[in-house]
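For reference, the structure is listed below as C-alpha cells.
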Amino acid sequence: MTSIAEKQYPDATPLDVAFLGLGVMGYPMAGHLARAGHRVTVYNRTESKAQKWVQEFGGRSAPTPRDAARGAHIVLACVGNDDDLRSVVLGPEGALQAMDQGSLFVDHTTASAQVARELHQSAGERGVGFIDAPVSGGQAGAQNGVLTVMCGGDPGAFARAEPVLRAFAQAVTLLGGPGSGQLCKMVNQICIAGLVQGLAEAIAFGQTAGLDMNEVVKVIGKGAAQSWQLDNRGTTMIEGRFDFGFAVDWMRKDLRLVLDEAGRNGARLPVTALVDQFYGDVQQMGGNRWDTSSLIARLQQKAG
C-alpha cells in the first residue's frame with residue numbers, strides 16, 4: 001500500500017531533483033515529486049529510511065547531501081532545525097558543495113528567518129538560487145499532496161520552484177524577500193497556539209458543565225466559532241485521542257523560533273508565550289509525541 005494518496009499532478013517539465021530528509025513530511029513530499037515524473041534522488045540521515053523510499057517510489061538514494069545534490073536542477077530539504085539545515089547545506093558534505101551554478105535550493109524546514117537569510121546569501125555567492133518555503137497542512141497534507149507553502153526569496157527563483165512544488169501543494173505563495181516564508185510560518189503557528197488553547201478550554205468547560213460536547217461541537221461549527229481546528233480536532237479532543245502527527249515537541253521548537261524573533265523585533269506575544277508554557281506542562285505529563293490538540297489533557301489533569 002502506497003504511503004501517499006492518488007492525485008492529479010500539474011504539467012511540469014521532468015527535472016533531476018534531490019530531496020534531503022525523509023521524516024513524516026519529507027517522505028511523502030518526495031514521493032509526490034517522483035509520482036509527478038521527476039527523477040528523484042533522496043538522502044536521509046538513517047539510510048534504511050532512504051532505501052525504503054526507493055523501494056516504494058523508485059529513483060535512488062545517496063549517502064550524503066553532497067552526493068544527492070550533484071547534477072540536480074533543484075534540491076529540496078525538510079530537516080529538523082537550524083543546525084540540521086546548516087549541516088545539510090553548508091557542511092563538508094553539504095549540498096552546496098556539489099550544486100551547479102543556476103540550480104536551486106528550496107528549504108521546507110521550519111527554521112529561523114535568520115538562517116534563511118544566511119543560506120540565501122551563501123547560495124547566492126555560488127550562483128545558486130535559494131527559497132525558504134516552510135509548509136502547513138501536517139502529515140495528512142503531505143500525504144495527500146495538498147500542503148500550503150509559504151515562500152521567501154527572489155521572484156525569479158520562486159517562478160522556477162513553483163511548478164515543482166505543486167506536486168505536493170495546493171497553494172504556493174511568495175510573501176517577500178529571504179526569510180519571509182519563515183516569518184509567515186511563525187504567524188501561522190501563533191494562530192494555531194491561540195486557537196487550540198481556546199478550543200481546549202471551551203471543550204473542558206462544556207464537559208465540566210455536563211453538556212454533550214459532540215453535539216455542541218456540531219452546533220458551534222456552523223457559527224462564528226468554526227475553524228479548521230474545531231472541524232478536525234474537536235471530536236478527537238473530546239475522545240482524548242492525540243495521535244495526529246504534529247507533535248508537542250515540534251510545536252515547542254516552532255514557538256521558540258517565534259518568541260526569539262519577537263524578542264528581536266519587539267512584537268508582544270503574551271498569549272503565545274503562555275501557551276508555550278502550557279505545552280511544557282504537556283511534556284512534563286509525558287506528552288512529547290502527542291499532537292498539539294493535547295492541550296486539553298493538561299486542563300483535564302488540573303481538574304482532577
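Index from 1, following the sequence. Nothing here was measured: the structure is a model prediction, and the numbers come from that model.
The side chain to side chain donor-acceptor pair (under 3.5 Å) test with Lys185 is passed by exactly one of Thr110, Thr148, Thr109: Thr110.
Remark: Asp132 pairs with no residue by the side-chain hydrogen bond (donor to acceptor under 3.5 Å, both in side chains) rule, at least two apart or across chains. Evaluation of the side chain to side chain contact (heavy atoms under 4.5 Å, CB included) rule for Asn214 yields Asp212, Thr235, Ile238 as partners, not counting sequence neighbours. Not counting sequence neighbours, the partners of His32 by the ring-ring contact (aromatic ring centres under 6.0 Å, His included) test are Tyr9. Listed by chain and number, the residues in a ring-ring contact (aromatic ring centres under 6.0 Å, His included) with Tyr279 amount to none (sequence neighbours excluded).
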Show me the side-chain donor-acceptor pairs of residues 90-100 shorter than 3.5 Å, one per line, residues at least two apart or across chains.
| from | atom 1 | to | atom 2 | distance (Å) |
| --- | --- | --- | --- | --- |
| Gln97 | NE2 | Gly91 | O | 3.4 |

Please output the side-chain donor-acceptor pairs of residues 150-157 that fall under 3.5 Å, not counting sequence neighbours, one pair per line with the distance.
| from | atom 1 | to | atom 2 | distance (Å) |
| --- | --- | --- | --- | --- |
| Asp154 | OD2 | His120 | NE2 | 3.2 |

Which pairs would a plain distance check flag for residues 69-80, meaning a side-chain donor or acceptor within less than 3.5 Å of a matching protein atom at least two apart in sequence or in another chain?
| from | atom 1 | to | atom 2 | distance (Å) |
| --- | --- | --- | --- | --- |
| Arg70 | NH1 | Asp67 | OD1 | 3.0 |
| His73 | ND1 | Asp16 | N | 3.0 |

Which atom pairs, donor and acceptor, lie under 3.5 Å between side-chain atoms of residues 216-223 and protein residues at least two apart or in another chain?
| from | atom 1 | to | atom 2 | distance (Å) |
| --- | --- | --- | --- | --- |
| Lys218 | NZ | Glu215 | OE2 | 3.3 |
| Lys222 | NZ | Lys218 | O | 3.3 |

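Between Arg117 and Leu183, the shortest heavy-atom distance links the atoms NH2-CD1, 3.9 Å. The heavy-atom pair separating Ala297 from Trp290 by the smallest distance is CB-CZ3, 3.9 Å. Nearest heavy atom pair, residue Ser293 against residue Phe242, reads OG-CD2, 3.7 Å. The minimum heavy-atom distance between Asp82 and Ala111, with the atom names listed, is OD1-CB, 3.1 Å. What you find for Phe19 and Gly26 is that their closest heavy atoms are CE2-CA, 3.5 Å. In terms of heavy-atom proximity, Arg289 sits nearest to Asp249 at CD-OD2, 4.4 Å.
Ile296 and Leu274 fall within the same hydrophobic cluster, defined by Ile, Leu, Val, Met, Phe, Trp and Tyr side-chain heavy atoms under 4.5 Å apart, directly or through other members. Taken together through direct or relayed side-chain contacts under 4.5 Å among Ile, Leu, Val, Met, Phe, Trp and Tyr, Leu85 and Trp250 form parts of separate hydrophobic clusters. Cluster membership for Val135 and Leu119, using ILVMFWY side-chain heavy atoms within less than 4.5 angstrom, is not shared. In this structure, Val115 is not a member of the same hydrophobic cluster as Val187, with clusters built from ILVMFWY side-chain heavy atoms closer than 4.5 Å. The hydrophobic clustering, which links ILVMFWY residues whose side-chain heavy atoms are closer than 4.5 Å, places Leu20 and Met25 apart.
Cluster partners of Val146, using a side-chain heavy-atom cutoff of under 4.5 Å among ILVMFWY residues and allowing indirect links: none. Hydrophobic cluster of Leu195: no remaining members, since no ILVMFWY side chain lies below 4.5 Å from it. In the hydrophobic clustering, Phe205 connects to no other residue, as no ILVMFWY side-chain heavy atoms lie under 4.5 Å from its own.
Inspection of the Gln283 and Arg252 side chains reveals an N or O donor paired with an N or O acceptor under 3.5 Å. Checked by atom type, the side-chain pair Gln197/Glu201 shows a donor-acceptor distance below 3.5 Å. With hydrogens and angles left out, the side-chain atoms of Ser3 and Gln143 include no donor and acceptor closer than 3.5 Å.
Contact annotation: the side chain of Asp107 never approaches that of Ile131 to less than 4.5 Å [non-hydrogen atoms, C-beta and beyond]. Two residues are said to be in side-chain contact when any heavy atoms from C-beta on lie closer than 4.5 Å; Thr173 and Val149 fail this criterion. When side chains are defined from C-beta on, Met186 does not count as touching Asp254, because their heavy atoms never get closer than 4.5 Å. Between Asn44 and Tyr27, every side-chain heavy-atom pair lies at or beyond the 4.5 Å cut-off. Proximity of Asn144 to Lys7: side-chain heavy atoms (C-beta onward) are nowhere separated by under 4.5 Å. The side-chain heavy atoms of Phe278 and Asp281, taken from C-beta on, include a pair separated by under 4.5 Å. Side-chain contact between Thr41 and Val17 is absent, with no heavy-atom pair separated by less than 4.5 Å. Annotation: side chain of Val248 is in contact with side chain of Ser294 (closest heavy-atom distance under 4.5 Å).
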* Given Phe246 and Gln139, is the side-chain contact (heavy atoms from CB on, under 4.5 Å) satisfied, shown in steps? -> CA-CA 7 Å; Phe246 193 72; Gln139 185 175 355; over 6 Å; no
* To do: Could you please spell out the steps behind the side-chain contact (heavy atoms from CB on, under 4.5 Å) verdict for Trp53 and Val40?
  => CA-CA 11 Å; Trp53 187 93; Val40 183; 3.7 Å; yes
* **Residue pair Gln114, Asp260: steps toward the side-chain contact (heavy atoms from CB on, under 4.5 Å) verdict** => CA-CA 11 Å; Gln114 286 181 306; Asp260 286 349; over 6 Å; no
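Here Asp276 pairs with Arg256 in a salt bridge; the nearest charged N to carboxylate O distance falls below 4.0 Å. Taking a cutoff of 4.0 Å between a charged side-chain nitrogen and a carboxylate oxygen, Arg86 and Glu118 qualify as a salt bridge.
For CD of Glu239, the number of neighbouring non-hydrogen atoms (other residues, nucleotides, ligands) closer than 6.0 Å is greater than 12. The 12-atom threshold is exceeded at CG of Asn265, counting heavy atoms of other residues, nucleotides or ligands nearer than 6.0 Å. Sparse packing is recorded around NZ of Lys52, with 12 or fewer heavy atoms of other residues, nucleotides or ligands lying under 6.0 Å away. Heavy atoms from other residues, nucleotides or ligands lying under 6.0 Å from CD of Glu47 number 12 at most. In Gln226, the CD atom is crowded: over 12 heavy atoms of neighbouring residues, nucleotides or ligands sit closer than 6.0 Å. Atom CZ of Arg264 is surrounded by more than 12 heavy atoms from other residues, nucleotides or ligands within 6.0 Å.
A cation-pi arrangement is present between Arg233 and Phe244 under the rule of less than 6.0 angstrom and at most 45 degrees off the ring axis.
Within the structure, ring pair (Phe, Tyr, Trp, His ring centres under 6.0 Å) contacts touching residues 127-158 (residues at least two apart or in different chains) are Phe105-Phe130.
A distance of 5.5 Å separates CD1 in Ile203 from CE in Met213, rounded to the nearest 0.5 Å. Expressed to the nearest 0.5 Å, how far CZ of Arg298 lies from CG of Leu295 amounts to 8.0 Å. Once rounded to the nearest 0.5 Å, the distance linking CG of Leu299 with CD of Gln207 reads 10.0 Å. Note that CD of Gln229 is 7.5 Å distant from CG of Leu199, once rounded to the nearest 0.5 Å. From Ile190, atom CD1 reaches atom CD of Glu261 across 10.0 Å, with rounding to the nearest 0.5 Å. Taken from CG in Asn188 to CD in Gln182, the straight-line distance is 11.5 Å, to the nearest 0.5 Å.
Not one N or O on the side chain of His38 forms a donor-acceptor pair closer than 3.5 Å with the backbone of Pro14. With hydrogens and angles ignored, the 3.5 Å screen pairs no side-chain donor or acceptor of Lys49 with any backbone N or O of Tyr43.
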